[in-house]
Amino acid sequence: MQDIEILLKNEPGALALMGETLGKNKIRLEGGGVFQNGKTSIAHFLVEEAERAREELAKVQIEVVKISDVIVQKLRQDVPGQLGMFCRKIAEANINILVQYSDHSNQLIVVVDDYEKGKKVSEEWIKEWWS
């Protein structure tokens, strides 16, 4: 799975065109969101076929500006403060969180500025909380 960062026009129908284009090409969205930023909107979505998504969206003049590897982390829903605890571990490793959202399985999706370091923190977290 990878995160695709997309620039959309901030106008009616832009997100519909994106979703229709990916759906027509059988590219599933596994989580994500869209955030208004002036005349454009910035979208982040989790997909299995990021390069193919980029190609199909380009055909309808929608730009995928970045493809990123993601950390997929399950948090303990029975323990309050898990998001803060996990993000603190990331921060203590001097890693910056660039994007955060949830997937359709209620897992935390994180794009960080140093994927390899972030992956190690995530693996340690799994051992601590899920072993």
inquiry  = With salt bridge (Lys or Arg N to Asp or Glu O under 4.0 Å) as the rule and sequence neighbours excluded, what pairs involving residues 59-69 come up?
reply    = Glu56-Lys59
Report the distance from atom [atom1] of [X] to atom [atom2] of [Y], rounding to the nearest 0.5 Å.
X      : Y      : atom1 : atom2 : answer
Glu11  : Lys39  : CD    : NZ    : 11.5 Å
Lys89  : Ser122 : NZ    : OG    : 12.5 Å
Lys127 : Glu124 : NZ    : CD    : 7.0 Å
Glu128 : Arg76  : CD    : CZ    : 10.5 Å
Met18  : Glu20  : CE    : CD    : 10.0 Å
Asp103 : Leu46  : CG    : CG    : 6.0 Å

Say whether [X] and [Y] are linked into one hydrophobic cluster, either directly or through other cluster members, by side-chain heavy-atom distances under 4.5 angstrom.
X     : Y      : value
Val47 : Val99  : no
Val79 : Leu108 : yes
Leu15 : Leu29  : yes
Phe45 : Leu17  : yes
Leu83 : Val121 : yes

task = Decide yes or no on side chain to side chain contact (heavy atoms under 4.5 Å, CB included) for Ile6 and Leu57, but give the supporting numbers first.
result = CA-CA 9 Å; Ile6 305 164; Leu57 290 171; 4.0 Å; yes
key: Test log, rule side chain to side chain contact (heavy atoms under 4.5 Å, CB included), inputs Val72 and Ile109   = CA-CA 5 Å; Val72 179; Ile109 305 301; 3.8 Å; yes
task = Give the C-alpha distance, both sets of side-chain angles, the deciding distance and a yes or no for side chain to side chain contact (heavy atoms under 4.5 Å, CB included) between Met1 and Glu30.
result = CA-CA 9 Å; Met1 293 285 202; Glu30 301 296 332; 3.2 Å; yes
key: Donor-acceptor pair, side chain of Gln36 and main chain of Gly38, under 3.5 angstrom   = yes
request  = Determine yes or no for a side-chain-to-main-chain donor-acceptor pair under 3.5 angstrom, with Lys117 supplying the side chain and Ile95 the backbone.
outcome  = no
Identify the heavy atoms of [X] and [Y] that sit nearest to each other, and give their distance.
X      : Y      : answer
Lys26  : Arg52  : O-NH2, 3.8 Å
Ile42  : Leu7   : CG1-CD2, 4.0 Å
Leu8   : Ala14  : CD2-O, 4.0 Å
Asp3   : His44  : OD2-ND1, 2.8 Å
Gln100 : Val110 : CG-CG2, 4.4 Å
Leu22  : Ala53  : CD2-CB, 3.8 Å

inquiry  = Would you say NZ of Lys119 has more than 12 non-hydrogen atoms from neighbouring residues, nucleotides or ligands within 6.0 angstrom?
reply    = no
query = Any side-chain heavy-atom pair from Ile126 and Gln73 closer than 4.5 angstrom?
reply = yes
Pairs satisfying ring-ring contact (aromatic ring centres under 6.0 Å, His included), at least one member in residues 111-131, at least two apart = Phe86-Trp125, Trp125-Trp129
request  = Could you go through the side chain to side chain contact (heavy atoms under 4.5 Å, CB included) check for Ile67 and Ile4 one step at a time?
outcome  = CA-CA 5 Å; Ile67 296 174; Ile4 55 174; 4.0 Å; yes
inquiry  = Any salt bridge linking Glu51 with Arg54? Criterion: basic side-chain nitrogen under 4.0 Å from a carboxylate oxygen.
reply    = yes
